[in-house]
Amino acid sequence: MSKPGLPQGTRDFSATVVQRRQYIFQTIRRVFETYGFQPLETPAMENLETLMGKYGEEGDQLIFKILNNGLANPDKADRSRAALENVLAGKSSKDLTERALRYDLTIPFARYVAMNHGQLTFPFKRYQVQPVWRADRPQKGRYREFYQCDADIVGSSSLQNETELVLLYAAVFQALQLPITLKLNNRKVLAALAQTCGGPEWMVPISVAIDKLDKIGWEKVAAELENKGLPAAAIEKIKTYLSISGNNAQKATAMRALLGSEAQAETGLAELETILAQAQPFWGNTTVELDFTLARGLNYYTGTIFEVKAQGVQMGSIGGGGRYDDLTGLFGVPNLPGVGISFGVDRIYDVMEELALFPTTLAETTQLLFFHLGQKEAAEAFRWMQTLRAAGIATELFHEQQKFDKQFRYAEKKQIPFVAILGSDELAAGKIVLKNLSQGSQSNMGLEDLLLFFQQRAENPSR
RNA sequence: GAGGGCGUAGCUCAGUAGGUUAGAGCGACAGUUUGUGGCACUGUAGGUCGUGGGUUCGAAACCCAUCGUUCUCCCCA
């Protein structure tokens, strides 16, 4: 027998980790719901054709495909072989694989909306918290199975939606006490830049290159663009574009000076300014800045784009999103514009771990451990325990009669804050000894008082 | 897809000019006479040195392959 192991890039989550992850999930869910989003869940797998071609060439290769069942069936053997030939030739074949694991939450959402648009109330606001899978090579902050938390609004072009998403981001990260920078840009500004640099076909290469600015520096960005055949004059223009700095107002002014003659640029800038003006009074101390180098890979974005970076940590983005004009058009339902954002929970976890931002109280689960001090005593303890449990207080009874030492150590290891001693004396008196393990103090108590004690403690955890 | 680092006890790691029965700390378990834990002391268990080849009188150590893991690039959350 070989040692058991996990598939590359996947993880088990032990108790403490799950509790911390739940803390993040619950915070995000709560904010989603207070902003009027409703939950949606979709299957782990989709038809392969639903996913293919939606994430660009690179994306297609990162989709986990599921091998069809029944390939060994003799009746289908010839077709299976032919299918394999196809796959070896770099094509996909339904005879070999027709399903794939979910790659993100946006495309399945688009598929859902396209299938159900007759029944939905628009604008439709949904949130979705589920794992996705990518056949990527794992490294820091990158896994093959990870969770996304998405919120999207479809069926509305109103910029108010963007404003709400900015505030939603601010609310979540303030609740988590995680300092972030929320970056905003608009694809229309990038499109205008591409227009002045040779035409729309330059949009993607230029976006990809300038997105790396802070990582590789201007020299390499310029080299990459030159390599792709962009004229020197255009590169000079991009250099000016990237040199724009200052506060948000100054950046917008500078951008108008550079690209103001392009109608698209003016539209994009006006949109950004509207969002900033609407959201600013409510975003508290969150840092929100225009970043014209922000491009984001997904090519279905058409307007505003968002990205969240954690402050004080070396980590890729921990969230992002943007506006798309026609997401469901891919599935035959045109004219449904929308805007959405996503939280990268696994990265948020890593960042919070690094910055030690998790509340210490998350680890406490069981509140009280009854010592097992004999059959009769345990039977009585069981009665008390069930009463406490019925009141919602997490309680355990030690599993067998053992010396105190053992039972104390069990409580310590599980970080149980209180133990109840119910031995022969207590049995006779109808009271237990309640001991606070961190303080070492103890006192006698009846069942009523014990219940009261924990109910009050639940309301005021600082005690 | 390309390129590095690292695989020794449950965990963190020592251990190389190749040389006896491979070590430590932490953890686990047991005990220091069974109604009060954390500390301390004593003892016990636990290792095909990732795997398979090769070089050698002799390999945890050197070489090759392979698997796993981790990081960087590409791309992304």
Side-chain angles (χ1 to χ4, degrees), chain A residues 1-11 14 24 28 55-63 90 102-106 129-150 204 207-209 211-212 215-216 220 224 294-299 306-310 314-322 340-351 369 371-374 377 398 400-427 432-443:
Chain A
M1 265 253 313
S2 56
K3 282 185 193 169
L6 285 172
Q8 202 177 35
T10 67
R11 299 153 297 162
S14 54
I24 298 172
I28 294 172
Y55 309 106
E57 267 180 54
E58 297 255 2
D60 282 356
Q61 296 184 348
L62 298 180
I63 294 172
R102 182 169 57 216
Y103 178 90
D104 75 352
L105 300 180
T106 306
V129 178
Q130 289 190 280
V132 303
W133 294 270
R134 295 185 187 178
D136 212 347
R137 189 157 299 195
Q139 53 186 273
K140 184 177 182 184
R142 177 179 295 184
Y143 307 98
R144 291 186 139 183
E145 176 183 68
F146 62 97
Y147 272 74
Q148 287 190 333
C149 304
D150 279 22
V204 172
S207 298
V208 168
D211 200 37
K212 300 177 195 163
K215 218 170 182 178
I216 64 176
K220 288 186 179 174
E224 182 170 328
L294 178 62
R296 293 194 62 76
L298 297 170
N299 39 29
F306 307 92
E307 189 160 291
V308 183
K309 296 276 283 185
Q314 190 62 42
M315 178 66 81
S317 68
I318 57 175
I341 57 171
S342 181
F343 290 82
V345 171
D346 299 81
R347 283 188 179 175
I348 292 172
Y349 180 95
D350 289 347
V351 169
L369 174 73
F371 276 16
H372 190 310
L373 299 170
E377 292 84 348
F398 199 76
E400 61 187 2
Q401 188 172 356
Q402 274 276 17
K403 46 174 83 171
F404 270 53
D405 184 58
K406 292 278 184 213
Q407 309 202 33
F408 269 121
R409 284 164 63 99
Y410 177 80
E412 274 160 34
K413 280 179 203 160
K414 283 195 74 172
Q415 300 189 50
I416 298 170
F418 293 92
V419 300
I421 298 168
L422 202 169
S424 52
D425 295 352
E426 290 80 7
L427 189 59
I432 55 96
V433 173
L434 180 70
K435 176 154 184 168
N436 180 323
L437 283 189
S438 58
Q439 293 174 5
S441 58
Q442 59 186 52
S443 58

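We use all heavy atoms of the structure for the numbers below, so side chains are in, but hydrogens, waters and symmetry mates are not.
Judged as a side chain to side chain contact (heavy atoms under 4.5 Å, CB included), and not counting sequence neighbours, the contacts of A:R142 are A:D136, A:Q139. Applying the ring pair (Phe, Tyr, Trp, His ring centres under 6.0 Å) test to A:F146 and every residue at least two apart in sequence or in another chain returns nothing. Here A:R11 pairs with A:D346 under the salt bridge (Lys or Arg N to Asp or Glu O under 4.0 Å) rule; sequence neighbours left out. Not counting sequence neighbours, A:Y143 has no partner by the ring pair (Phe, Tyr, Trp, His ring centres under 6.0 Å) test. For A:Q442, the side chain to side chain contact (heavy atoms under 4.5 Å, CB included) partners are A:V433, A:K435, not counting sequence neighbours. Taking A:A411 as the reference, A:L369, A:I416, A:V419, A:L437 meet the side chain to side chain contact (heavy atoms under 4.5 Å, CB included) condition, with sequence neighbours excluded. Residues that satisfy the side-chain hydrogen bond (donor to acceptor under 3.5 Å, both in side chains) test with A:S342, not counting sequence neighbours, are A:D150. The side chain to side chain contact (heavy atoms under 4.5 Å, CB included) search around A:V208 returns A:V204, A:K212, A:E224, not counting sequence neighbours. In terms of the salt bridge (Lys or Arg N to Asp or Glu O under 4.0 Å) criterion, A:K220 has no residue partners (sequence neighbours excluded).
Taking atom CD on A:Q402 and atom C1' on B:A30, their separation rounds to 12 Å, with Å as the unit. Atom CZ of A:R144 and atom C1' of B:C75 are 14 Å apart (whole Å). One interatomic measurement links the two molecules: CZ of A:R142 to P of B:A77, which rounds to 9 Å at whole-angstrom precision. For A:K413 and B:A28, the NZ to C1' distance is 8 Å, given to the nearest whole Å. Computed from coordinates, the A:I63 CD1 to B:C75 P distance equals 18 Å when rounded to whole Å. Rounded to whole angstrom, the span from the OH atom of A:Y410 across to the C1' atom of B:G37 amounts to 15 Å. Computed from coordinates, the A:Y55 OH to B:A77 P distance equals 11 Å when rounded to whole Å. When rounded to the nearest whole Å, the span between CH2 of A:W133 and P of B:A77 equals 17 Å.
At a threshold of 4.0 angstrom between heavy atoms, the contacts of A:F371 with the nucleic acid are absent. Heavy atoms of A:L6 sit under 4.0 angstrom from primed sugar atoms or phosphate atoms, though from no base atom. Residue contacts for A:D425: at a heavy-atom cut-off of 4.0 Å it reaches a base atom on one of the strands shown. A:G423 comes within contact range of at least one nucleobase, with a heavy-atom separation under 4.0 Å. Among the heavy atoms of the strands lying under 4.0 Å from A:G319 are primed sugar atoms or P, OP1, OP2 only; no base atom is included.
With rounding to the nearest 0.5 angstrom, the CD atom of A:E145 is 13.0 Å from the CZ atom of A:R134. Taken from CD in A:E377 to CD in A:E426, the straight-line distance is 9.0 Å, to the nearest 0.5 Å.
Between A:P7 and A:S317, the residue whose closest nucleotide on RNA chain B is further toward the 5' end is A:P7. Annotation: of the two residues near RNA chain B, A:I421 and A:P138, the 5′-most nearest-nucleotide partner is A:I421.
Using P as the reference atom, B:G15 and B:G47 are 23 Å apart when rounded to the nearest Å. Taking atom P in both B:C11 and B:U72, one finds a spacing of 24 Å when rounded to whole Å. B:C74 sits 16 Å from B:G4 when the C1' atoms are compared, rounded to a whole Å.
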Could I get a table of every N or O pair under 3.5 Å where one atom is in the protein and the other is in nucleotides 38-41 of chain B?
unit_1: B:G38; atom_1: N1; unit_2: A:L437; atom_2: O; d: 3.4

Between N or O atoms, less than 3.5 Å apart, protein on one side and nucleotides 1-6 of chain B on the other: list the pairs.
none

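Ranking B:G31, B:A77, B:G35 by closeness to the A:K403 side chain, first place goes to B:G31. Nearest nucleotide to the A:K140 side chain, out of B:A28, B:U72, B:A77: B:U72. Here the nucleotide nearest the side chain of A:V208, chosen from B:C75, B:A28, B:A30, is B:C75. Taking only side-chain atoms of A:F404, from C-beta outward, the nucleotide of B:C29, B:C75, B:G35 with the closest atom is B:G35.
Between A:F343 and A:Y147, the ring center distance fails the sub-6.0 Å criterion.
One N or O donor and one acceptor, one from the side chain of A:E426 and one from the base of B:G35, sit under 3.5 Å apart. Judged by atom type and distance alone, A:Q442 reaches the base of B:U36 through a side-chain donor-acceptor pair under 3.5 Å.
Residue A:K212 places at least one side-chain N or O closer than 4.0 Å to OP1 or OP2 of B:C75. Considering only side-chain N and O atoms, A:Q8 lies under 4.0 angstrom from the phosphate OP1 or OP2 of B:U69.
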message = Please convert RNA chain B into dot-bracket. A pair counts if it is Watson-Crick or G-U wobble with both distances under 3.5 Å; crossing pairs go in [ ] and bases paired with another strand get |.
response = (((((((..((((.....[...)))).(((((.......))))).....(((((..]....))))))))))))....
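Contact check for A:V345 versus A:I28: side-chain heavy atoms found under the 4.5 Å cut-off.
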